[in-house]
Amino acid sequence: GESVGLHLPTLSVQEGDNSIINCAYSNSASDYFIWYKQESGKGPQFIIDIRSNMDKRQGQRVTVLLNKTVKHLSLQIAATQPGDSAVYFCAENIRGTALIFGKGTTLSVSS
Amino acid sequence: EAGVAQSPRYKIIEKRQSVAFWCNPISGHATLYWYQQILGQGPKLLIQFQNNGVVDDSQLPKDRFSAERLKGVDSTLKIQPAKLEDSAVYLCASSLSYDKTQYFGPGTRLLVL
């Protein structure tokens with residue numbers, strides 16, 4: 001079936017380090033991928049997205065890498081800050097159908 | 001630009017009672033979504049509207065859940081009667097169209113006792 005999973009439920013880093021959050025997807029037909037950040041008590045906040053015709057996309061302090069060969073997605077956060085502490089979800093979309101979310105990785109940043 | 005608005009933010013009810021949630025999407029967004037997020041999990045789509053028409057309600061428990069978007073703007077989600085397992089955060093999201101980025105509201109936290 002269709003599913004999006006994350007490799008680690010939690011990730012702890014020091015302030016200033018680079019963080020890498022990984023995600024594996026199962027459906028090779030997925031053509032759109034999104035990373036969301038969800039802080040406690042809030043709705044998911046869009047971070048960055050990537051379409052299947054790309055393998056890398058950069059934003060402000062964030063980079064998403066897509067490896068379609070092994071069906072792997074990662075989110076890299078440069079110079080992680082305490083404000084980056086949150087749950088991060090990857091989600092996939094197949095030809096405009098419903099977004100499918102994984103279970104999330106909790107990022108904890110200590111100063 | 002104003003984001004997606006939802007109300008109420010919190011609701012506590014007893015099982016078998018009814019409850020309704022309201023969502024106002026970002027202005028101009030044709031597509032509106034309702035998700036259920038159970039504690040510790042990612043959001044799960046309940047229903048998707050394109051303007052005032054339903055696109056996908058395959059995961060909506062239709063015996064107790066209903067949703068409408070009569071004028072193609074605001075939407076309401078209703079649960080009647082509520083069960084204990086309905087305790088969750090109900091998130092509304094909107095997008096310009098079905099294949100564009102979805103933006104989420106703050107959610108309504110429902111506790112069924």
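Sequence lines set the chain letters: A, B, ... in the order given, protein chains first and strands last, and positions in each chain run from 1.
In terms of heavy-atom proximity, B/Leu91 sits nearest to A/Pro44 at CD1-CD, 3.8 Å.
Each of B/Tyr103 and B/Trp34 belongs to its own hydrophobic cluster when Ile, Leu, Val, Met, Phe, Trp and Tyr are linked at side-chain heavy-atom distances under 4.5 angstrom. One hydrophobic cluster holds both A/Trp35 and A/Val109 under the rule that ILVMFWY side chains link at heavy-atom gaps under 4.5 Å. Residues B/Leu46 and A/Phe89 are members of separate hydrophobic clusters, defined by side-chain heavy-atom contacts under 4.5 angstrom among Ile, Leu, Val, Met, Phe, Trp and Tyr. Transitive grouping of hydrophobic side chains (ILVMFWY, heavy atoms separated by less than 4.5 Å) keeps A/Ile20 and A/Val70 in distinct clusters. There is a path of hydrophobic side-chain contacts, each under 4.5 Å, that joins B/Val54 to B/Leu77.
To the nearest 0.5 Å, atoms OH (B/Tyr35) and CZ (A/Phe101) are separated by 5.0 Å. Between A/Tyr32 atom OH and B/Thr101 atom OG1 the span is 3.0 Å, to the nearest 0.5 Å.
Heavy atoms closer than 4.5 Å to chain A are found nowhere in B/Tyr33, neither backbone nor side chain. Contact annotation for B/Gln37: only side-chain heavy atoms (C-beta onward) come within less than 4.5 Å of a heavy atom of chain A. Of the atoms belonging to A/Gln38, it is side-chain heavy atoms, and not backbone ones, that fall under 4.5 Å from chain B.
A side-chain contact (heavy atoms from CB on, under 4.5 Å) with B/Gln102 is found for one member of A/Ile34, A/Asp49, A/Leu99 and no other, namely A/Leu99.
More than 12 non-hydrogen atoms from other residues, nucleotides or ligands lie less than 6.0 angstrom from NZ of A/Lys68.
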